[in-house]
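Read the structure below first, then the notes.
What's counted below: heavy atoms across the whole structure, side chains too, no hydrogens, waters or symmetry copies.
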Amino acid sequence: MTKDDESSPFPVPPGVDVNVPSAARIYDYLLGGAHSLAVDRQFGDKVLAIAPGVAWAARANREFVMRAAAALAREGFDQWIDCGCGLPAVGAVHEVVRHIVPDARVAYADNEAVAYAYGTMLVENLPHTIMLNGDVRHPDTWLDAPETQMLLDFDRPIVVVLAAVLHFIPDEDDPTTIMADIRGRLPHGSRLIVSHGCMDDNESATREVQALYRTSNNPGLSRNLEQFTAILTDAGYEITDPPGVTWVTDIYPEPDDPRSPDDGPRSVCYGAVCTVP
């Protein structure tokens, strides 16, 4: 790794273009993390200028994943794969589930160079935890990887986490077929924790943010509730009901957490917990 003193507070893996922003590093910046380059922070500030609530929404999505992971861990699920995991963040899957299931086995996967490098460093001394260089669009790279097959028992249910990932898969890549491929590789009774960004109520901001992301390594797009739901159901997943597909703030809400009716739309993110039938 090399050190870019002007752009990065940390070593940058060889081959990373420090002049091109990355969705994983931008998301880390929006969450208040320290694993971003100057170009990512500049990009994030532009996003916030267009849609100031995006940082709150990023935290709402992370909190959804933490609540859902804890709920499924309490049900006894002890095998996990977080694909598109991004950079190290507070409330990582292994941290959440091992408070409940201490011997849970956890695989992370991401194809972004900095996320993969730092994920590898994060897990290298953790038992039953691996980091894979895997692309969500190619499930074989992370579900069929030898390391995954050694770590997890595919005769028992597995929880897959795809948090804020699907909106980076364009329609031409056929996200429904990708999701069906993932489902077909998972044991019966496995679960899916999934979320998808949306900006249904602000079309102007949606166009501006999407245009901005087209200048990054990870062009994104917004889908509405019906489109996101169709990807899941057409791919063969059973959606937990209630609450079904809804705002991430409304799934496994904390009983003592006061909520505003505006919190769902503020999250600009739909989520669901699904079952592999």
Side-chain angles (χ1 to χ4, degrees), residues 24 27-28 31-33 35 58-110 115-116 118-132 134 136 139 142-143 145 147-166 182-183 185-196 232 237-240 243 248-257 269 271-276:
Y27 190 64
D28 180 76
L31 286 172
H35 297 87
R59 291 192 297 273
N61 180 69
R62 170 51 49 185
E63 290 165 0
F64 154 66
V65 173
M66 294 170 65
R67 293 193 309 271
L72 293 184
R74 286 192 290 268
E75 291 184 24
F77 287 91
D78 62 355
Q79 302 194 109
W80 299 75
I81 305 177
D82 184 351
C83 187
C85 59
L87 286 142
V90 174
V93 167
H94 74 276
E95 294 176 342
V96 173
V97 302
R98 285 183 182 152
H99 280 297
I100 302 163
V101 185
D103 59 350
R105 294 173 177 262
V106 181
Y108 292 102
D110 207 297
Y116 175 65
Y118 272 81
T120 300
M121 292 172 58
L122 177 72
V123 308
E124 62 183 353
N125 294 318
L126 295 176
H128 308 312
T129 313
I130 60 174
M131 181 73 198
L132 303 163
V136 66
W142 46 284
L143 282 168
E147 301 95 325
T148 307
Q149 295 289 322
M150 289 179 62
L151 179 70
L152 304 181
D153 178 0
F154 277 73
D155 290 327
R156 298 192 300 110
I158 296 168
V159 180
V160 169
V161 179
L162 298 178
V165 172
L166 288 182
I182 294 170
R183 177 190 54 75
R185 296 171 189 267
L186 292 172
H188 167 72
S190 293
R191 298 292 185 90
L192 171 71
I193 298 172
V194 59
S195 61
H196 192 302
L232 301 176
Y237 293 90
E238 293 181 355
I239 298 171
T240 302
V248 291
T249 54
D250 295 337
I251 303 174
Y252 298 115
E254 298 292 344
D256 57 350
D257 182 14
C269 197
V273 177
C274 306
T275 300
V276 172

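Counting only residues at least two apart or on different chains, the side chain to side chain donor-acceptor pair (under 3.5 Å) pairs with a member in residues 98-109 are His94-Tyr108, Arg98-Thr129, Arg105-His128. For residues 120-129, the set of pairs meeting the salt bridge (charged side-chain N to carboxylate O under 4.0 Å, His left out) definition, not counting sequence neighbours, is empty.
Among residues two or more places apart in sequence or in another chain, the side-chain contact (heavy atoms from CB on, under 4.5 Å) test is passed with Ala68 by Phe64, Ile193, Tyr252, Val273. For the side-chain contact (heavy atoms from CB on, under 4.5 Å) test, residues two or more places apart in sequence or in another chain that qualify with Pro187 are Phe154, Ile158, Ser190. For Phe77, the side-chain contact (heavy atoms from CB on, under 4.5 Å) partners two or more places apart in sequence, or in a different chain, are Leu72, Glu75, Trp80, Pro157, Val159, Arg191. Take Arg156 and apply the salt bridge (charged side-chain N to carboxylate O under 4.0 Å, His left out) test, not counting sequence neighbours, and it matches Asp78, Asp153. Val96 is linked by a side-chain contact (heavy atoms from CB on, under 4.5 Å) to Met66, Ala69, Ala70, counting only residues two or more places apart in sequence or in another chain. Applying the side-chain hydrogen bond (donor to acceptor under 3.5 Å, both in side chains) criterion to Asp110, with sequence neighbours excluded, gives no partner residue. In this structure, Arg183 has no salt bridge (charged side-chain N to carboxylate O under 4.0 Å, His left out) partners at least two apart in sequence or on a different chain.
Residues Ile251 and Pro243 are in side-chain contact: their nearest non-hydrogen atoms beyond the backbone lie under 4.5 Å apart. Using a 4.5 Å cut-off on side-chain heavy atoms (C-beta onward), Thr275 and Tyr237 make no contact. In this structure, the side chains of Ile130 and Thr148 come closer than 4.5 Å at one or more pairs of heavy atoms. Side-chain contact check for Leu162 versus Ile182: some heavy-atom pair is nearer than 4.5 Å.
Here CG of Leu186 is found 8.5 Å from CG of Leu192. Values are rounded to the nearest 0.5 Å. Atom CE of residue Met150 and atom CG of residue Leu152 lie 11.5 Å apart, to the nearest 0.5 angstrom. Remark: Cys85 SG to Leu132 CG distance equals 9.0 Å, nearest 0.5 Å.
Under the 3.5 Å distance criterion, the side-chain polar atoms of Glu95 are matched with a main-chain donor or acceptor of Gly91. Checking side-chain atoms of Arg74 against main-chain N and O of Val101 turns up no donor-acceptor pair under 3.5 Å.
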Evaluation steps, side-chain contact (heavy atoms from CB on, under 4.5 Å), between Ile81 and Val161 = CA-CA 6 Å; Ile81 305 177; Val161 179; over 6 Å; no
inquiry  = With side-chain contact (heavy atoms from CB on, under 4.5 Å) as the criterion, how do Val106 and Asp82 come out once you've worked through the C-alpha distance, each side chain's angles and the decisive distance to 0.1 Å?
reply    = CA-CA 8 Å; Val106 181; Asp82 184 351; 5.6 Å; no
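Heavy atoms only, all atoms of each residue included: Cys269 and Ser195 are closest at SG-CB, 3.7 Å. The shortest heavy-atom contact between Arg62 and Leu31 is CB-CD2, 4.2 Å. For the residue pair Thr240 and Cys274, the shortest heavy atom distance occurs at OG1-N, 4.3 Å. Counting all heavy atoms, side chain and backbone alike, Val248 lies closest to Arg67 at O-NH2, 2.7 Å. Heavy atoms only, all atoms of each residue included: Trp142 and Ala109 are closest at CB-CB, 3.8 Å. In terms of heavy-atom proximity, Val97 sits nearest to Ala104 at CG2-CB, 3.9 Å.
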